[in-house]
Visitor: 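My structure is below; once you've seen it, I'll send some questions.
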Amino acid sequence: MPSPAGTPDADPVRASAGAPAADRAGGPAGEPLIEVRDLTRVYRRPRTSLTRPGEAVHALKGVSLTVHRGERFGIVGESGSGKSTLLRLLCALDRPTSGSVTFAGREVAGLPERSLRFLRRSLQIVFQDPMSSLDPRMRVRDLVAEPLVALGEPVGDRVAELLDAVGLPASAAERYPHQFSGGQRQRIAIARALAPRPEVLVADEPVSALDVSVRGQILNLLADLADELGLTLVFVSHDLAVVRHLCETVAVVHDGLIVETGPVDDVWEAPGHPYTRALLAAVPTLEGML
Amino acid sequence: MLTVDGLGVRAGDLELVREVSFGIGPGERVGLIGESGSGKSLTALALMGLLPDGVTASGTARLGGRDLVGVPERRLKDLRGRTVSMVFQEPMTALNPLMRVGAQVAEVMTLHGVAAGRARERAAELLGRVRLPDPERIARSYPHQLSGGQRQRVMLAIALANEPDLLICDEPTTALDVTVQKQMLELIAEVAPALLFITHDLAVVASLCERVLVMYGGRVVESGPLREVFKHPRHRYTEGLLAASRLPPRGTRLATIPGSVPAAGRFPGGCVFRDRCAHATETCETAPELTAPELTAPDLTGPEPRGDGHAFACWHPRR
């Protein structure tokens, strides 16, 4: 998708360098947990001619970042920016064209699924739309227990424990996803993600589909869980204001590159890149309007 | 210009929207806010005569002297797309994927009696008016060849084709990126004759509208000038929505409204908000009436009974 008219293009000099994440210094204390180096991903469009291969789409053009243990890391970008590709590569759901992703020092990029069990246990994902990410034919009990079963671990009382942790009654276990509201379904998705006691929780736009009153409940829950369980949080959103509320560090993705990264307050107060400034100016805020 | 009085929507025994009354003057931009399931979209569909089968509207709605509710489809067809038109949330499903975009814009004009050649010319003009680059080329494209923002502009061009008196927008920017949303909102503000704008995003409504109606449980619980309502909300639901929309600094708790919006028909009797409200007492088992509007400025004494003042339906209003 072309960038919208009027959006300043990424500054190629600053952007293409693939500068490491700690650009603005002063990162949190924990040791590096996820390290991404010079990651690229090229997709091919379907071919339209017999003699020529399909057009190449450079979804990621050399991205580097570091997520430290215990950090709350926000990734902000619009549709087509490459943030979903980046997320898929972080979670080893796709293979990069070049570059590396390491998790706790172990290379993840390009590994076959059977070698990724450690990652599947340590890193779990909550998706945007809890209606399509939860199997409508499974009871909540089985949905929440499924990651444990897949890893061959005993389930025991874990389901009740997890439902309690996300603020759902134990009776929820016997019901089906459609019997819950959007916010409750997102709680189920979070309980499921927490089942194997992951170190990292990746949340891909977890509140975008929710009403504003429920959004607060889920953001509070994520913050509480991250504190209690010492989780590392990777939070993807199109909304810099939400990221600022929840995260310490932010990376702004635009056109396949990280155009700006650093402590979220610095980026918010003094955005260095024209794209970040455009993004900030575009977000309507109540305070700004009244 | 638009006067809605006692609008109700029911599906069988289930009352979905109740006693909705408001007015919109020429050139006025009114926001309709509330969470999903509060009855906003049904209110809009009732005004368009587009309610699904088995769902019926009661009450009156008049636009420029013509009735919109309770008139036969044959009469409505003449008004819809000409006098009042609507932009929907999801531009991919609202556009016909098999038809070129220009033809879809022209169609809404030929249906209302414009000659085919003239409609084609005007379609290109309209695509330019919603600031699509290279309108001739866009007119020859199919919807899948356009981005989400471009498709939504096409929807707007279709809605404006017959110069309607009233434009209804139902969450037109929810599926769009923020930078695209901003351009779209500026465009809507510029071209809308009179606007009813439905959204759950308070900041969006604040950037666009002059007056606001807050809906919950199928009722208007508060209404008034936007600044007045947002700065000094009276109803506890409005207060909760505003608090939840503010994102405090990291490390502090976000304000929330306890629970979630009940399914249709599961709202409590009396005040619809009382099961989620911290201030509810026994009094709230009786439904509160919308108060007579308090006029906030001396020059706002129009003929509209619930037009310009600040009104709310709450037994224990804020302050």
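We name chains A, B, ... by the order of the sequence lines, and we start the count at 1 in each one.
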Visitor: Would you say that more than 12 heavy atoms from the other residues, nucleotides or ligands in this model lie under 6.0 Å from the CZ of B:R266, or not?
Guide: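 Not more than 12 within 6.0 Å, no.
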Visitor: Please classify the contact between B:L146 and chain A as side chain, backbone, both or neither, with a heavy-atom cut-off of under 4.5 Å.
Guide: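 Neither part.
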Visitor: Say you draw a straight line from CD of A:E248 to CZ of B:R250; how long is it, rounded to the nearest 0.5 Å?
Guide: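 The distance works out to 6.0 Å.
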Visitor: Is A:H245 reaching over with its side chain to a backbone N or O of B:P248, donor-acceptor style, under 3.5 angstrom?
Guide: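 At least one qualifying donor-acceptor pair exists.
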Visitor: Quick one: are B:V178 and A:H238 in side-chain contact, heavy atoms under 4.5 Å?
Guide: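 Contact flag for B:V178/A:H238 side chains = yes.
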Visitor: So for B:R131, is it side chain, backbone, both, or neither that comes closer than 4.5 Å to the heavy atoms of chain A?
Guide: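 For B:R131, neither part sits under 4.5 Å from chain A.
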Visitor: What's the separation between atom CG in B:L254 and atom CG in A:L246, rounded to the nearest 0.5 Å?
Guide: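 Between B:L254 CG and A:L246 CG, I get 9.0 Å after rounding to 0.5 Å.
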Visitor: Quick one: pull up OG in A:S81 and CG in B:D177 and give me the separation to the nearest 0.5 Å.
Guide: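 Nearest 0.5 Å value for the OG-CG distance: 8.0 Å.
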Visitor: Rounded to the nearest 0.5 Å, what's the gap from CG on A:L219 to CG on B:L247? Could you check?
Guide: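 It comes to 7.0 Å.
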Visitor: Once you round to the nearest 0.5 Å, how far does CZ of B:R253 lie from CG of A:N220?
Guide: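 Here the rounded value is 4.0 Å.
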Visitor: Where on A:L279 is there a heavy atom nearer than 4.5 Å to chain B: the side chain, the backbone, both, or neither?
Guide: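 Answer is both: backbone and side chain atoms of A:L279 are under 4.5 Å from chain B.
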Visitor: If you count heavy-atom pairs under 4.5 Å between each of A:C247, A:A241, A:S208 and chain B, which one has the most?
Guide: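 If we count pairs closer than 4.5 Å to chain B, A:C247 comes out on top.
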Visitor: Say you draw a straight line from CG of B:L241 to CG of A:L286; how long is it, rounded to the nearest 0.5 Å?
Guide: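 It comes to 10.0 Å.
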Visitor: Can you check whether B:T179's main-chain N or O pairs, donor with acceptor, with A:E78's side chain at less than 3.5 Å?
Guide: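 Yes: the side chain of A:E78 pairs with the backbone of B:T179.
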Visitor: Evaluate the side-chain proximity of B:Q181 to A:P284: yes if any heavy-atom separation is below 4.5 Å, no if none is.
Guide: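 Contact flag for A:P284/B:Q181 side chains = yes.
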Visitor: Between A:D265 and chain B, which part of the residue has a heavy atom less than 4.5 Å away: side chain, backbone, both or neither?
Guide: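 It is the side chain, since no backbone atom gets that close.
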Visitor: B:P258 versus chain A, heavy atoms under 4.5 Å apart: side chain, backbone, both or neither?
Guide: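 Just its backbone gets close to chain A.
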Visitor: Under 4.5 Å heavy-atom distance to chain B, tell me which part of A:V242 shows up: side chain, backbone, both or neither.
Guide: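 For A:V242, backbone and side chain are both near chain B.
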Visitor: Please check this pair: side chain of A:Q217 against backbone of B:I257, looking for a donor-acceptor N/O pair closer than 3.5 Å.
Guide: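 Pair found, side chain donor or acceptor close to backbone of B:I257.
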Visitor: Side chains of A:Q184 and B:S260: do they bring a donor and an acceptor to under 3.5 Å?
Guide: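 No, no side-chain donor-acceptor contact under 3.5 Å.
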Visitor: Among A:S181, A:G216, A:S213, who wins on heavy-atom pairs under 4.5 Å with chain B?
Guide: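 Greatest number of close heavy-atom pairs with chain B: A:S213.
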